[in-house]
Number of protein chains: 2
Amino acid sequence: MDQLQTQPQGGSFVLPTHADVTAGVADLDPCGQPGHPDCGIRDVLDRVGDKWSVLVIVELSNGARRFRELQRAIDGISQRMLTLTVRRLERDGLVIRTVYPTVPAQVDYRLTETGASLTHLVKALADWSLVHRDAIAEARHAYDTEHPDNEIR
Amino acid sequence: MDQLQTQPQGGSFVLPTHADVTAGVADLDPCGQPGHPDCGIRDVLDRVGDKWSVLVIVELSNGARRFRELQRAIDGISQRMLTLTVRRLERDGLVIRTVYPTVPAQVDYRLTETGASLTHLVKALADWSLVHRDAIAEARHAYDTEHPDNEIR
DNA sequence: CAGCATCCGATAGGATACTG
DNA sequence: CAGTATCCTATCGGATGCTG
């Protein structure tokens with residue numbers, strides 16, 4: 001649903017003279033063109049990026065959870081969004097949904113192998129957040145002080 | 001939980017296999033409650049999560065870029081969104097914006113140290129995407145076949 | 001319990017036109 | 001070139017009510 005490709009290449013590969021400090025990073029260009037929708041990064045980023053997926057994955061990384069357990073664990077998520085989130089994760093093969101024909105119904109969710117492998121990255125992201133949260137907050141404050149009239153949030 | 005404090009970006013870089021980046025993270029529960037808004041993860045995730053930030057970071061990881069260069073490199077981004085994205089990144093202290101008083105105006109963007117450190121994770125995410133893209137596409141197709149009436153995208 | 005359906009406000013984000 | 005300013009639509013996401 002995210003198809004907006006217009007042209008294969010726009011002639012952007014100039015300036016390879018990276019005398020910059022980002023030495024450790026190899027050429028981050030897995031598919032020949034960073035911004036190209038079809039390189040597969042967009043798909044994953046969309047999933048990682050949406051508001052709740054990451055938190056669901058995080059919670060499931062600690063073991064299988066039932067619907068209500070997830071909702072209670074993830075503070076602030078509405079039932080609607082939990083349903084949607086968990087459905088999308090299921091569709092992507094990151095989560096397995098199991099329905100037990102009990103009364104009342106009982107459903108639990110657990111990560112697939114693929115989903116579990118994403119946990120590492122998600123947690124790394126969380127770690128990064130923790131490490132840099134202060135710096136970011138500081139930077140924001142400084143920016144806001146310096147640009148009081150700005151409306152960038 | 002508090003290691004990973006300093007990124008090993010002095011030359012060597014964790015390979016695509018993204019081994020134990022999260023060695024110290026056993027339970028991802030940085031502030032007592034995963035979904036809590038105040039734990040700081042949300043902020044960063046929102047930034048990583050939005051549609052364009054990651055791609056901008058990716059592009060800048062290859063070196064400083066001017067506005068138009070960025071826009072050309074990131075296929076599909078509108079000038080409005082590029083402006084907003086790059087402003088937010090600047091505000092967060094991930095990107096530095098430099099204006100040269102030439103005519104016409106010339107502005108370039110480059111990653112800060114903090115921004116560059118994020119590149120590692122983004123790279124890992126990109127690698128993950130590439131590794132699992134087929135599996136995900138397959139899972140989606142299977143799901144859609146099995147649930148033809150479903151409207152989850 | 002585990003949803004689905006519906007309404008609705010908020011916001012992300014594209015298109016276009018104009019400016020220094 | 002590097003934006004700003006509008007307008008407008010699609011989607012996000014919360015609240016509520018109903019069902020098996």
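Heavy-atom basis, side chains included; hydrogens, waters and symmetry copies ignored. Letters A, B, ... mirror the listed sequences (proteins, then strands); counts begin at 1.
- Salt bridge annotation for A/Lys123-A/Asp127: absent, with no cationic side-chain nitrogen under 4.0 angstrom from a carboxylate oxygen.
- Listed nucleotides: D/dA2, C/dG13, C/dG3. Nearest to the side chain of A/Thr83: C/dG3.
- Note that OG1 of B/Thr85 and CZ of B/Arg80 are 10.0 Å apart. Values are rounded to the nearest 0.5 Å.
- To the nearest angstrom, C1' of D/dA2 lies 8 Å from CZ of B/Arg97.
- The distance between atom CE of A/Met81 and atom P of C/dA10, rounded to the nearest whole Å, is 17 Å.
- To the nearest angstrom, C1' of C/dG3 lies 20 Å from CZ of A/Arg65.
- Of the inter-residue distances, the one linking B/Leu94 atom CG with B/Leu60 atom CG reads 10.5 Å to the nearest 0.5 angstrom.
- Summarising the geometry, the separation between CD on B/Glu69 and P on D/dG3 is reported as 13 Å, rounded to the nearest angstrom.
- Heavy atoms only, all atoms of each residue included: A/Ala64 and A/Glu69 are closest at O-OE1, 4.3 Å.
- The distance between atom CG of B/Asp75 and atom P of C/dG13, rounded to the nearest whole Å, is 16 Å.
- Note: CH2 (B/Trp52) to C1' (C/dG14) measures 10 Å, nearest angstrom.
- Atom P of nucleotide C/dC1 and atom CG of A/Leu82 are separated by 13 Å, given to the nearest angstrom.
- B/Trp128 and B/Ile136 get closest at one heavy-atom pair: CZ3-CD1, 3.8 Å.
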| field | Per-nucleotide protein contact string for nucleotides 15-20 of chain C (B base, S sugar-phosphate only, - none; heavy atom under 4.0 Å) | value | BBB---

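- Taking the charged nitrogens against the carboxylate oxygens, A/Arg140 and B/Asp92 do have a contact shorter than 4.0 Å, which makes a salt bridge.
- Computed from coordinates, the A/Arg72 CZ to C/dC1 C1' distance equals 10 Å when rounded to whole Å.
- The closest side-chain heavy-atom distance from B/Tyr143 to A/Arg87 is below 4.5 Å.
- Residue-level contact check: A/Tyr100 touches neither bases nor backbone, having no heavy atom under 4.0 Å from any strand.
- Note on B/Tyr109: every side-chain N or O is 4.0 Å or more away from OP1 and OP2 of D/dC1.
- Between A/Arg66 and C/dC1 there is no side-chain polar atom (N or O) within less than 4.0 angstrom of OP1 or OP2.
- At least one side-chain nitrogen or oxygen of B/Arg68 sits closer than 4.0 Å to the OP1 or OP2 atom of D/dC1.
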